[in-house]
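Step one of this worksheet: look at the structure below.
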Amino acid sequence: MTISERINGAVEAIRARTDRVPELGLILGSGLGDFCDRLEDQTVIPFSDIPGFPLPTVEGHQGAFVLGSCRGRTVAALRGRIHYYEGYSQQEITLPVRVMAKLGVRTLILTNAAGGINLDFQPGTLMLLTDHINYSGMNPLIGPNLDEFGPRFPDMSDIYTRALREKLLPLAREAGIPLREGVYVMYSGPNYETPAEIRFFRAVGGDAAGMSTVPEALAARHAGLQVMGVSCITNMAAGVLPQPLSHEEVVETAGRVKRDFTRLLELMIDVG
Ligand code: HPA
């Protein structure tokens, strides 16, 4: 089956379950998934009911496509993100984004947990993505171009839509949510980076490092969507502090900033 056939099959399966048209798409990062529960009037479709959808491999996490409303807008959210390090292809991990685009989504909100490279950051800092460096060595747009979504050589000079960032920043300030801006570097994972890699990323202009977001942003922008991204700096990146990194720290910090993060996501939905 071609990737286009898989996308179309998934769209049909979702349309058979609901006729709601989502305007906004939401993909939530490690430890940040609880926001899905805040969506009102939910239609929950397990990934396993959607033919062609990749399934998250993390044990105990059954992925689901959730349609719901928030702040008066219809939102399509993924409960359970698919990562490249799980062994799926770039086309597979971005399939949900393309499905969202076909269902009507115009703006995609991407969130992630990331390690702080910028020495002004600390665990708990929220960083709005201004740009990214794709250091994964991979790209979801490689292969036959899907002309129905966008052109062969898409422009990425405004990948994280500046106009939306300019609307969001004053709202975050008024709401008292400390929000920094910066460049996200994607490394494939699943291991955390080495201290030398982090020094390298800092030298080339990176502010945060993580294992997601970039493929989805590329596929979304290719399809003409507006994109917003926010990183929760859950830990300082490798080598910054004299201590090892752990997934427990990532989840713990994400939990600690939940209030600000939730409020920020609501503002992103308002501007998106
Ligand atoms: N590196 C990469 N991914 C991450 C990190 C990190 O330090 N923290 C949370 N996700």
Side-chain angles (χ1 to χ4, degrees), residues 26-35 56-59 61 63 78-88 90 93-94 109-140 160 178-218 228-258 260-262 264-265:
L26 183 57
I27 303 185
L28 298 161
S30 294
L32 305 167
D34 289 359
F35 191 84
T57 58
V58 187
E59 227 163 286
H61 285 259
L78 292 190
R79 187 197 294 279
R81 181 185 231 141
I82 319 290
H83 296 85
Y84 183 52
Y85 62 70
E86 292 175 76
Y88 287 109
Q90 292 269 312
I93 58 175
T94 51
I109 300 172
L110 296 165
T111 77
N112 59 62
I117 298 174
N118 185 324
L119 298 173
D120 287 344
F121 292 175
Q122 52 194 23
T125 297
L126 296 175
M127 182 192 92
L128 188 62
L129 273 65
T130 54
D131 205 340
H132 74 223
I133 294 172
N134 183 2
Y135 200 72
S136 69
M138 293 304 298
N139 191 307
Y160 300 95
L179 182 60
R180 305 291 301 266
E181 290 184 285
V183 173
Y184 178 89
V185 184
M186 182 192 173
Y187 175 76
S188 69
N191 58 286
Y192 293 113
E193 302 76 16
T194 66
E197 285 164 347
I198 293 301
R199 288 195 299 275
F200 170 66
F201 293 161
R202 186 179 301 117
V204 297
D207 294 294
M211 308 176 193
S212 66
T213 300
V214 164
E216 293 113 320
L218 290 171
M228 278 190 282
V230 64
S231 291
C232 172
I233 306 298
T234 50
N235 55 282
M236 291 313 287
V240 174
L241 300 175
Q243 65 191 44
L245 275 54
S246 74
H247 186 62
E248 288 67 40
E249 183 187 9
V250 170
V251 173
E252 193 266 322
T253 309
R256 185 156 58 75
V257 298
K258 201 159 138 182
D260 275 353
F261 181 76
T262 299
L264 182 64
L265 268 183

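Both ligands and their constituent atoms are indexed starting at 1 by order of listing. Only heavy atoms go into these numbers, but all of them, side chains included; no hydrogens, no water, no symmetry mates.
Atoms of ligand 1 lying under 4.0 Å from any heavy atom of T234, numbered from 1 in the order shown and given with element: 8 (N), 9 (C). Near A209, the atoms of ligand 1 lying under 4.0 angstrom from a non-hydrogen atom of the residue are 1 (N), 2 (C), 3 (N), 4 (C), 5 (C), 6 (C). Residue contact check: V250 has heavy atoms under 4.0 Å from atoms 8 (N), 9 (C) of ligand 1. Those atoms of ligand 1 that come under 4.0 Å of a heavy atom in L245, given as number and element, are 7 (O).
Of the heavy atoms in A238, none comes closer than 4.0 Å to ligand 1. If you look at N235 next to ligand 1, the close heavy atoms, those under 4.0 Å, all belong to the side chain.
Of the candidates G210, S246, A113, the one placing a heavy atom closest to atom 10 (N) of ligand 1 is A113.
Side-chain contact check for F35 versus T262: some heavy-atom pair is nearer than 4.5 Å. By the 4.5 Å heavy-atom criterion applied to side chains, I133 and F201 are not counted as neighbours. Between Y84 and Q90, the closest side-chain pair of non-hydrogen atoms falls below 4.5 Å. Inter-residue side-chain proximity for L129 and S231 is flagged as met; some heavy-atom pair is nearer than 4.5 Å. Side-chain contact between T130 and V183 is present, with heavy atoms from C-beta onward closer than 4.5 Å.
For the residue pair S212/N112, the side-chain donor-acceptor check at 3.5 Å is not satisfied.
For ligand 1, one of its N or O atoms has an N or O atom of E193 under 3.5 Å away.
With respect to atom 5 (C) of ligand 1, the closest heavy atom belonging to the protein is G115 N, 3.4 Å.
For F200 and Y135, the gap between ring centers is short of 6.0 Å.
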